[in-house]
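First comes the structure, then the notes that go with it.
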Amino acid sequence: MKNPLTIYNTLTRKKEQFYPLNPPMVGLYVCGPTVYSDVHLGNCRTFISFDIIYRYLLHLGFKVRYVRNITDAGHLESDSDHGEDKISKKAKLSQLEPMEIVQKYTVGFREVMNTFNVLPPSIEPTATGHIIEQIEMTKKILERGYAYEVNGTVYFNVEKYAAEQAYGQLSGRNLEELLDNTRDLDGQNEKKGRLDFALWIKAKPEHLMQWPSPWGMGFPGWHLECSAMSTKYLGEQFDIHGGGMDLVPTHHTNEIAQNIGYCGKSPARFWIHTNMLTVNGQKMSKSLGNSFLPHELISGNHALLKKGFSPMCIRFFMLMTHYGSTLDFSNDAMEAAEKGFARLIESRRTLDQLHASPNSSVNLTELQQKCYNAMNDDFNTPVLIAQLFEAVRIINSAANNKEQLNADDIQLLKKIYQHFLVDVLGLQAELENDKSREALNGVMNYLISLRNDAKQRKDFPASDAIRNHLNSIGIQIKDNKESSTWTFQ
RNA sequence: GGUCCUGUGGCCGAGUGGCUAGGCUGAGCUCUGCAAAAGCUCCUACAGCGGUUCGAAUCCGCUCGGGACCUCCA
């Protein structure tokens, strides 16, 4: 029997058994990128983590509606409800329309996601596409008394809300602590309380992105879009809401407050937060100068990088750490991952060439079970990968006649690889199903047969010449007992 | 300063009360015409101090170190 799926819930700070509100449907909402600049590798980690969660839920047979928004308006430079909209600012600097900025970085984001084999979500809604929904939500929150309007800006009344609800529940803080630690900033006299945040912001005339509303021309606050869009596509209550850990204290805390202010219901039953990517022990961030872009890591073209790595290798590297732990990037760790990943991928080809024995010396059902147990334990990809390396050992041993695999075993191994390596972890072997690769395979098999003929004749100078030449162009020959195989070095 | 998280072998990184994590590196062995690959074995760790327990990396306390958030950030 499989263990049940358990998920660490930020809301309760415990692992809890997962079951959907309306099986077999699962509603999953993840906060997507603000498209004002290139996504960096830390962003990628978050979306790869949720890709695993999405893929595993699909693998378990759930009908998942995965909503991941694109923030294309309303995200200010600072969270204190003043300052410029990030996209407007970039547009002015670049002398472009805000929507040109949005288009450019949205396309770039999708390309990067595709490079890392991240599945597209079911719905990818934008903030600007849901202005009406956000205005309606603001009206309702006002009606219910959780917000107030001052000079065309609508603020959420946190202190009133906190009198009835656990405002800081998600981040584990109480109101007094939050108040103590909030700075007084200039120009915020409009707010009744220091923790209040804007639902709708009055636009200055020169502001590039603004829309008519009952409170005049303006634009939505950052937190509101997620409340509006999750409610629209997943309902007032749904199964899982996720995002990066840095969104917990402000964005997600305010999102919950908005939803409860709107309809009295907390939006998600499970909150999943992914940890940060660090470089040399510090969070990857542009201001620290330690961030690099996906294509820089792929090409190796960056001061902090010794060499480049393939996208699947990078994905594998990230999955060797649990999503809830910080992942520290280093060249050494990447190189170690690269070697391990190559071994894993190579074993898949070895598996395809195995011949069945009449008997079996291994228990693959147990191995398969351990794979499920790993994923069911809060999507523990490092443990799953450890199990896959046990499969690698079995496959390589079988290739050397040190273990026996019958036809059923081989079928089951292929199934395990397909399910876990390809479907769940999303690790596609590069160059797979490539026509030129097929042709190359034919050429290589011919060369190998020539070399084996030479070996039969004990013409070792000839056989070594073939091997050495192939070596010099980056192809490595490996002799097994009965056959020879090749790989790129 | 406040809140929270965290400290595992040469490196990366799972594990939350007793049973081998795993990967990479290094050494040895086996296979092999040689080499490579592969398999096997070894280097058997839990920051420090104290406590709870028959038993702790795992629970509790203190000390020291690292990080995140509180200000935009996935």
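Other residues, nucleotides and ligands contribute more than 12 heavy atoms inside 6.0 Å of the CD atom of Gln17(A).
A distance of 6.0 Å or more separates the ring centres of Tyr56(A) and His419(A).
Between Phe316(A) atom CZ and G22(B) atom P the separation is 14 Å, expressed in whole Å.
Between Tyr372(A) and Phe420(A), the angle of the ring planes goes over 60°, which puts this pair in the perpendicular group of the 30/60° scheme. Relative orientation of the Phe197(A) and His223(A) rings is perpendicular, given thresholds of 30° and 60° on the angle between their planes. Ring geometry, His252(A) versus His273(A): the interplanar angle falls from 30° to 60°, so the pair is classed tilted.
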### Query
If the sugar-phosphate is the primed atoms plus P, OP1 and OP2 and the base is the rest, what is the B/S/- string for nucleotides 39-44 of chain B, using protein heavy atoms under 4.0 Å?
SS----

### Message
What does the B/S/- profile of nucleotides 6-21 of chain B look like, 5' to 3', with a 4.0 Å heavy-atom cutoff to protein?
### Response
------SSSS-----B

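For Asp479(A), the side-chain atoms get nearest to A35(B) when compared with the rest of A35(B), G23(B), C69(B). Side chain of Thr46(A), nearest nucleotide from A74(B), C73(B), G22(B): A74(B).
For the C1' atoms, the distance linking G1(B) with U25(B) amounts to 43 Å, nearest Å. Comparing C31(B) with A14(B), their C1' atoms sit 33 Å apart, to the nearest whole Å. Using atom P as the reference point in both G10(B) and C43(B), the two lie 13 Å apart (nearest Å).
Across residues 454-464 of chain A, Lys455(A), Phe460(A), Ser463(A), Asp464(A) each have a non-hydrogen atom less than 4.0 Å from an atom of RNA chain B (numbered order).
With hydrogens and angles ignored, a donor-acceptor pair closer than 3.5 Å exists between the side chain of Arg467(A) and the base of A35(B).
Contact annotation: Lys339(A) side-chain N/O to U25(B) OP1/OP2 distance is under 4.0 Å.
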### Message
Evaluate Phe270(A) against His241(A) for ring-ring contact (aromatic ring centres under 6.0 Å, His included), listing each step before the verdict.
### Response
CA-CA 6 Å; Phe270(A) 284 83; His241(A) 191 132; over 10 Å; no

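Cation-pi check for Arg13(A) over Trp271(A) is not met; the charged atom does not lie both under 6.0 angstrom from the ring centroid and within 45 degrees of its normal. A cation-pi contact, defined as under 6.0 Å to the ring centre and within 45° of the axis, links Arg68(A) to Phe47(A).
Within 4.0 Å (heavy atoms only), Leu344(A) reaches no atom of the nucleic acid at all.
Heavy atoms only, all atoms of each residue included: Gln428(A) and Met312(A) are closest at O-CG, 3.1 Å.
Salt bridge annotation for Arg110(A)-Glu124(A): present, with a cationic side-chain nitrogen under 4.0 angstrom from a carboxylate oxygen.
In this structure, a donor-acceptor pair under 3.5 Å is present between the side chains of Tyr417(A) and Ser347(A).
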